[in-house]
Amino acid sequence: DTAVSQTPKYLVTQMGNDKSIKCEQNLGHDTMYWYKQDSKKFLKIMFSYNNKELIINETVPNRFSPKSPDKAHLNLHINSLELGDSAVYFCASSQGSRGAGEQYFGPGTRLTVT
Amino acid sequence: GENVEQHPSTLSVQEGDSAVIKCTYSDSASNYFPWYKQELGKGPQLIIDIRSNVGEKKDQRIAVTLNKTAKHFSLHITETQPEDSAVYFCAASMAFGNEKLTFGTGTRLTIIP
(Lines give C-alpha, C1' and ligand atoms only; values in the text may rest on other atoms or scores of the structure.)
Protein backbone atom coordinates (compact mmCIF):
# COMPACT_ATOMS: atom_id res chain seq x y z
CA ASP A 1 0.00 0.00 0.00
CA THR A 2 2.51 2.55 -1.25
CA ALA A 3 1.49 6.13 -0.48
CA VAL A 4 3.38 7.99 -3.23
CA SER A 5 4.80 5.94 -6.07
CA GLN A 6 6.97 6.94 -8.99
CA THR A 7 7.99 5.15 -12.15
CA PRO A 8 10.57 4.46 -13.28
CA LYS A 9 13.01 4.34 -10.37
CA TYR A 10 15.99 4.65 -12.69
CA LEU A 11 16.11 6.29 -16.09
CA VAL A 12 19.21 6.40 -18.29
CA THR A 13 18.91 8.20 -21.58
CA GLN A 14 20.88 10.18 -24.12
CA MET A 15 21.00 13.91 -24.64
CA GLY A 16 18.24 15.22 -26.84
CA ASN A 17 15.73 12.53 -25.97
CA ASP A 18 12.28 13.12 -24.50
CA LYS A 19 11.27 11.22 -21.37
CA SER A 20 8.44 11.09 -18.84
CA ILE A 21 8.27 10.27 -15.15
CA LYS A 22 4.98 9.22 -13.63
CA CYS A 23 3.72 9.82 -10.10
CA GLU A 24 0.66 8.53 -8.31
CA GLN A 25 -0.58 9.04 -4.75
CA ASN A 26 -3.27 7.01 -3.02
CA LEU A 27 -3.58 9.27 0.03
CA GLY A 28 -6.50 11.31 -1.26
CA HIS A 29 -4.37 14.45 -1.13
CA ASP A 30 -5.27 17.57 -3.07
CA THR A 31 -1.79 18.89 -3.78
CA MET A 32 1.14 17.28 -5.58
CA TYR A 33 4.68 18.47 -6.20
CA TRP A 34 7.80 17.81 -8.21
CA TYR A 35 11.20 18.42 -6.63
CA LYS A 36 14.68 18.13 -8.10
CA GLN A 37 17.59 16.93 -5.96
CA ASP A 38 21.01 17.58 -7.44
CA SER A 39 24.27 15.75 -6.82
CA LYS A 40 24.93 17.87 -3.72
CA LYS A 41 21.61 16.73 -2.26
CA PHE A 42 20.05 20.19 -2.63
CA LEU A 43 16.24 19.88 -2.84
CA LYS A 44 14.38 22.45 -4.88
CA ILE A 45 10.73 22.64 -5.77
CA MET A 46 9.86 22.71 -9.45
CA PHE A 47 6.07 22.56 -9.68
CA SER A 48 2.99 22.20 -7.54
CA TYR A 49 -0.54 21.29 -8.56
CA ASN A 50 -3.71 21.56 -6.51
CA ASN A 51 -6.72 19.67 -7.84
CA LYS A 52 -5.16 19.61 -11.32
CA GLU A 53 -4.45 23.36 -11.23
CA LEU A 54 -0.88 24.63 -11.43
CA ILE A 55 -0.13 26.76 -8.34
CA ILE A 56 3.67 26.82 -8.16
CA ASN A 57 5.89 27.10 -11.20
CA GLU A 58 9.47 27.88 -10.28
CA THR A 59 12.03 29.11 -12.79
CA VAL A 60 12.27 25.81 -14.59
CA PRO A 61 13.16 25.56 -18.30
CA ASN A 62 10.06 25.15 -20.42
CA ARG A 63 11.48 21.83 -21.59
CA PHE A 64 9.90 20.55 -18.37
CA SER A 65 6.13 20.20 -18.58
CA PRO A 66 4.04 18.78 -15.75
CA LYS A 67 0.69 17.20 -16.49
CA SER A 68 -2.00 16.33 -13.96
CA PRO A 69 -4.76 14.18 -15.48
CA ASP A 70 -6.48 13.96 -12.09
CA LYS A 71 -5.61 14.91 -8.53
CA ALA A 72 -4.03 11.53 -7.81
CA HIS A 73 -1.52 11.76 -10.65
CA LEU A 74 1.17 14.25 -11.58
CA ASN A 75 3.49 13.35 -14.42
CA LEU A 76 6.63 15.15 -15.54
CA HIS A 77 7.60 15.27 -19.19
CA ILE A 78 11.06 16.48 -20.19
CA ASN A 79 11.92 17.42 -23.76
CA SER A 80 15.37 17.63 -25.32
CA LEU A 81 17.19 16.28 -22.30
CA GLU A 82 20.48 17.90 -21.34
CA LEU A 83 23.41 16.67 -19.23
CA GLY A 84 22.44 19.14 -16.50
CA ASP A 85 19.06 17.46 -16.11
CA SER A 86 20.76 14.51 -14.43
CA ALA A 87 19.42 14.42 -10.88
CA VAL A 88 16.96 12.61 -8.64
CA TYR A 89 13.40 13.79 -9.13
CA PHE A 90 10.95 13.42 -6.26
CA CYS A 91 7.21 13.58 -6.38
CA ALA A 92 5.37 14.55 -3.20
CA SER A 93 1.82 15.17 -2.05
CA SER A 94 0.07 16.94 0.79
CA GLN A 95 -3.45 17.49 2.04
CA GLY A 96 -5.16 20.79 1.40
CA SER A 97 -4.31 23.78 -0.70
CA ARG A 98 -3.94 26.51 1.85
CA GLY A 99 -2.38 25.11 4.95
CA ALA A 100 1.06 23.68 5.36
CA GLY A 101 1.03 20.09 6.35
CA GLU A 102 3.19 17.09 5.97
CA GLN A 103 4.44 16.47 2.48
CA TYR A 104 4.80 12.79 1.65
CA PHE A 105 7.61 12.04 -0.76
CA GLY A 106 7.91 9.25 -3.27
CA PRO A 107 11.04 7.08 -3.56
CA GLY A 108 12.54 9.21 -6.32
CA THR A 109 13.54 8.71 -9.94
CA ARG A 110 17.24 8.85 -10.67
CA LEU A 111 17.65 10.37 -14.13
CA THR A 112 21.02 10.03 -15.84
CA VAL A 113 21.57 11.83 -19.12
CA THR A 114 24.60 10.67 -21.12
CA GLY B 1 11.91 34.83 -1.51
CA GLU B 2 12.74 32.64 1.44
CA ASN B 3 16.32 31.54 2.04
CA VAL B 4 17.15 28.77 4.51
CA GLU B 5 20.69 28.13 5.70
CA GLN B 6 21.61 24.92 7.50
CA HIS B 7 24.68 23.99 9.55
CA PRO B 8 26.71 21.89 9.81
CA SER B 9 26.85 20.14 6.45
CA THR B 10 28.31 17.02 8.07
CA LEU B 11 28.16 15.85 11.66
CA SER B 12 29.62 12.78 13.31
CA VAL B 13 28.70 11.83 16.86
CA GLN B 14 29.35 8.85 19.08
CA GLU B 15 26.42 6.53 19.61
CA GLY B 16 24.50 7.65 22.67
CA ASP B 17 25.58 11.28 22.40
CA SER B 18 23.36 14.14 21.28
CA ALA B 19 23.30 15.79 17.86
CA VAL B 20 22.19 19.34 17.10
CA ILE B 21 21.49 20.78 13.65
CA LYS B 22 20.75 24.47 13.19
CA CYS B 23 18.87 26.44 10.56
CA THR B 24 18.19 30.09 9.93
CA TYR B 25 15.57 31.56 7.64
CA SER B 26 15.14 34.97 6.08
CA ASP B 27 11.40 35.55 5.55
CA SER B 28 9.68 36.68 8.75
CA ALA B 29 6.34 35.61 7.21
CA SER B 30 7.37 31.95 7.40
CA ASN B 31 5.56 30.13 10.17
CA TYR B 32 5.87 26.42 9.45
CA PHE B 33 9.16 24.61 9.97
CA PRO B 34 9.42 20.87 9.24
CA TRP B 35 12.42 18.58 9.51
CA TYR B 36 12.91 15.73 7.08
CA LYS B 37 15.14 12.66 7.28
CA GLN B 38 16.42 11.11 4.08
CA GLU B 39 17.93 7.66 4.19
CA LEU B 40 20.10 6.36 1.38
CA GLY B 41 18.11 5.69 -1.78
CA LYS B 42 14.82 6.91 -0.30
CA GLY B 43 12.70 10.01 -0.36
CA PRO B 44 12.68 12.50 2.52
CA GLN B 45 10.40 11.63 5.42
CA LEU B 46 8.96 14.12 7.90
CA ILE B 47 10.22 13.46 11.42
CA ILE B 48 8.97 16.51 13.29
CA ASP B 49 7.58 19.95 12.56
CA ILE B 50 6.86 23.12 14.47
CA ARG B 51 4.62 26.10 13.89
CA SER B 52 5.38 29.62 14.94
CA ASN B 53 2.94 29.68 17.83
CA VAL B 54 5.17 27.36 19.90
CA GLY B 55 8.81 27.56 20.88
CA GLU B 56 9.58 23.88 21.36
CA LYS B 57 8.20 20.50 20.42
CA LYS B 58 9.35 17.04 21.46
CA ASP B 59 8.73 13.56 20.17
CA GLN B 60 10.61 10.89 22.09
CA ARG B 61 14.32 11.39 21.30
CA ILE B 62 13.89 14.28 18.90
CA ALA B 63 13.00 17.87 19.64
CA VAL B 64 12.82 21.10 17.69
CA THR B 65 13.21 24.61 19.06
CA LEU B 66 12.19 27.83 17.33
CA ASN B 67 13.29 31.39 17.96
CA LYS B 68 11.12 33.61 15.79
CA THR B 69 12.84 36.79 16.86
CA ALA B 70 16.23 35.52 15.74
CA LYS B 71 14.71 33.55 12.85
CA HIS B 72 16.40 30.31 13.67
CA PHE B 73 15.31 26.81 14.58
CA SER B 74 17.18 23.69 15.62
CA LEU B 75 16.80 19.93 15.65
CA HIS B 76 18.02 18.03 18.69
CA ILE B 77 18.46 14.27 18.70
CA THR B 78 19.31 12.67 22.04
CA GLU B 79 20.69 9.20 22.76
CA THR B 80 21.66 8.77 19.14
CA GLN B 81 21.50 5.33 17.57
CA PRO B 82 23.07 3.92 14.37
CA GLU B 83 19.71 4.11 12.60
CA ASP B 84 19.77 7.88 13.07
CA SER B 85 22.50 8.05 10.41
CA ALA B 86 20.96 9.86 7.42
CA VAL B 87 20.76 13.26 5.74
CA TYR B 88 18.55 15.71 7.60
CA PHE B 89 16.85 18.70 5.97
CA CYS B 90 15.19 21.66 7.58
CA ALA B 91 12.59 23.65 5.66
CA ALA B 92 10.41 26.70 6.00
CA SER B 93 7.17 27.89 4.49
CA MET B 94 4.15 30.06 5.12
CA ALA B 95 1.50 27.82 6.63
CA PHE B 96 -1.28 29.60 4.80
CA GLY B 97 0.49 30.49 1.62
CA ASN B 98 1.05 28.29 -1.37
CA GLU B 99 2.77 25.56 0.64
CA LYS B 100 6.09 26.12 -1.07
CA LEU B 101 8.72 24.53 1.13
CA THR B 102 12.18 26.05 0.96
CA PHE B 103 14.73 23.48 2.08
CA GLY B 104 18.07 23.91 3.77
CA THR B 105 21.14 22.36 2.19
CA GLY B 106 21.09 19.25 4.35
CA THR B 107 23.24 17.76 7.12
CA ARG B 108 24.78 14.34 6.75
CA LEU B 109 24.66 12.81 10.23
CA THR B 110 26.85 9.81 10.96
CA ILE B 111 26.52 7.91 14.22
CA ILE B 112 29.74 6.20 15.22
CA PRO B 113 29.11 2.88 17.02
Trainee: Please classify the contact of A/K9 with chain B as side chain, backbone, both or neither, using a heavy-atom distance under 4.5 Å.
Mentor: side chain

Trainee: Does CG belonging to B/L40 count more than 12 external heavy atoms closer than 6.0 Å?
Mentor: no

Trainee: Let me know if B/Q38 has heavy atoms under 4.5 Å from chain A in its side chain, its backbone, both or neither.
Mentor: side chain

Trainee: Under 30°, 30 to 60°, or over 60°: which ring-plane class applies to A/F105 and B/F103, parallel, tilted or perpendicular?
Mentor: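 Judged by the thresholds at 30° and 60°, the geometry between A/F105 and B/F103 is perpendicular.
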
Trainee: State whether B/E39 and B/K37 are salt-bridged, where the test is any N-O pair (Lys NZ or Arg NE/NH1/NH2 against Asp/Glu carboxylate O) under 4.0 Å.
Mentor: yes

Trainee: Flag the one option from B/G106, B/P44, B/S9, B/G43 with the top tally of heavy-atom pairs under 4.5 Å to chain A.
Mentor: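 Result: the option with the highest number of such pairs is B/P44.
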
Trainee: By a 4.5 Å heavy-atom criterion (distance strictly below it), what part of A/E58 contacts chain B: side chain, backbone, both, or neither?
Mentor: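 Only the side chain of A/E58 comes within 4.5 Å of chain B.
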
Trainee: What pair of heavy atoms forms the shortest contact from B/L66 to B/V54, and how long is it?
Mentor: CD2-O, 3.8 Å

